[in-house]
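Letters A, B, ... are given to chains in the order of the sequence lines, protein chains preceding strands, and every chain is numbered from 1.
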Amino acid sequence: VRPRTVRALLPAVACAAALTALPVTSSAGVARLEFVGEPRSESVETMELSGFTYLRLTDLARALGGVCHWNPLTRKMTLVLGEHRIAMSDGNQFVTLDRVVMNVRRPVVSKGGAFFVPPGFVTDILAKALDSEIGLEPGGGVTIRAFGPQIAAPALEDRPGGTAVTFGLSRPAEFTAESRGPNAIDVFIPGGTLLKAAGTFRGSGRVASVRMEETEAGVEVTISIGGSAASYSAELNGGPPRIEVIVDEGGPASSRGSRGGGALGPFPNEAFARAQSGVKTVMIDPGHGGRDTGAVGSSGLLEKDVAQAVAEELADVLKRQGFHVYMTRTGDAGVPVKRRAEIANLALADVFVSIQCDASFSRSTRGFRVSYHRPGAAGPDAGRSWGAAGLTRVRPGPGARPHDELLWERAQNAYAGESVLLAELIRGRVARELETRDRGIRGGDLVLLSGCTMPAVLVELGCLTNASDEALLADESFRKAAARAIARGIVDYREMSPGGRSL
Amino acid sequence: VSAKHVRVLVVAVLVGLAAVTFVALRDRGPSRRAPAETAALEELGQGVQSVVMVFADREALDMVEERRDVVVPEDRTARAKAILEELALGPEESGAVATLPKGTHVRSVFFDDAGGVTVDFTHEIVDNHPGGSTGELMTIRSIVRTLAANFAGTKSVRFLVEGKEIETIAGHIDASVPFDVDQYR
């Protein structure tokens, strides 16, 4: 049976060791992992640190069939679990899972050359990588309940030229689709389970019926085709994950395109699926908020209010343009700067646009500007260490692979070129459509954008410390025009992106 | 006590009041230290030196240097503290604008052996900051360049506020790591 339960039966056996090198009290122990239904059992070394039970990474990797790679150049540890890559560094609470940056709330620590991971790593990162629900018991026990993708009942829709059969999925999943004779298409989702009971569903158009069954290996779907031969195509779609099989009217019993008919390649991760699907989701970040008012104009206009008003207007315009739109804050909420990028990463946004106002010590500074992230460290010897945790920034060497650069502070680097393009396209639209001074685009070591795993820009609409800019920013029609101009810049970017023209 | 003494006293008090008023009303002036203080500092073995202050230009597009003769201590860390305190007072020449928020003071300065300078500011650098990425960049560049101009071998400058690490000064630029002198020129 695929759903497998791994239980830690023996709680941690304390083998107290005073770890004097760490500034906090810690003690070592061992947790035993026992795999129910399997004869083997594994032990995982644990460490108590500030009241939290940390687990030794290499032990977890061995127990779960993964491999650890240490890159001395980037000082980064990568855990490879099946097709997933989990990258982390010492003293850093941000961990990447397949290029998506996640916050595990407490830093990963290394002790005597071994990496220990915090509880958040196990419950969030490992659970996602293993498609499991993982519970932690006091003392280091770990309960892992694995599950595959869940498949919903089919939805049938007659379209001009064919019939679409769509299955909703609880998460993106691998599948195969093959024709069996002229009158049937078999779809198989390995490891999957049915959301509702198995059964045969009535067909529509070219589709006579759809039968769904759950076996130990996964979910088997048979699409029976009425009448004679038909061609079909099947694909995994972005957005809410779903498999779509389109059965065409008439035609010979052959597959369409290179993907039809045979087994489809696996879809390794969400980032991959996202890259293929064009620019669809926009995360808008209204700057500041809550107690953080941002800049304040001489008449008392608050940056956070301007940002929110323009952001809401921008959201409306973008929704009308067919984008999925999310905001990092709704209402006047205070959201920490790094949390904003994290929200965008978890939403798998394709574009991140922060709306803010500028301010200066000089009252004559005015105009709008679009900024992108440009990392602060320069040169191969720019390694800088700080803090007791010894977190070190080292520029990866020429042999480093892209995923080696994907720690939090480097997450945005992979999108540097795209971010500059997006900044330039937005600047171009704003400069042409608004009566305001164009201060161009600029790169800076911006905390807000550095963790974004997507093209990301910061738009500063004007300087609140300048009287004429402040009057503009208070003006309803200027705000609307600014939102429209920024939206056109994003649409321009969508047009230039892969998959953009097909939308 | 004779009438002459009283007159001298009254004149002295008036002159003193006028001086205090002048200093208080004047926002910016060539020297903010009373002559007596200067003399006292000189007696303590501290001399007048020509130092470089880096401020922003009116458009906040670039930085401008201003040379100023001030009394500074011989000790390196005390001298750095004095120069930054002077920087916080703003420019004397027109065409330049202040780059540190009102009321900002320097709690302490540390030099390490690798060209790193750590400056601990009072909370006003955050609380009174006008905000904006432009304003923030002006503050950082001004401090980093002023230290680099006056202390040869400075490679990076790290900011602390009230003795603690900060993420940013006004919400934009990463201040949790030292600023590279080459980067913030």
(request) Considering non-hydrogen atoms only, spot the tightest contact between A:Ser360 and B:Met138 and give its length. (result) OG-SD, 3.5 Å
(message) Tell me whether A:Arg363 at atom CZ has more than 12 heavy atoms from other residues, nucleotides or ligands lying less than 6.0 Å away.
(response) no
(message) For A:Leu458, which atoms come within 4.5 Å of any heavy atom of chain B: side chain, backbone, both, or neither?
(response) side chain
(request) Hey, could you give me the CD/NE2 distance between A:Gln356 and B:His172, rounded to the nearest 0.5 Å? (result) 4.0 Å
(request) Would you mind reporting whether B:Leu137 and A:Arg442 have side-chain heavy atoms less than 4.5 Å apart? (result) yes
(request) Determine the minimum heavy-atom distance between A:Thr465 and B:Pro130, stating which atoms define it. (result) CG2-CB, 4.4 Å
(request) Could you look at A:Arg437 and say if it's the side chain, the backbone, both or neither that has a heavy atom under 4.5 Å from chain B? (result) side chain
(request) Quick one: which of B:Thr99, B:Thr139, B:Leu100 has the most heavy-atom pairs under 4.5 Å with chain A, could you say? (result) B:Thr99
(request) Rounded to the nearest 0.5 Å, what's the gap from OG1 on B:Thr134 to CZ on A:Arg439? Could you check? (result) 4.0 Å
(request) Answer with side chain, backbone, both or neither: which region of B:Glu136 has an atom nearer than 4.5 Å to a non-hydrogen atom of chain A? (result) neither
(message) Do A:Leu446 and B:Ile173 have side chains that approach each other closer than 4.5 Å (heavy atoms only, starting at C-beta)?
(response) yes
(request) Can you tell which part of B:Ala170 gets under 4.5 Å to a heavy atom of chain A, answering side chain, backbone, both or neither? (result) backbone
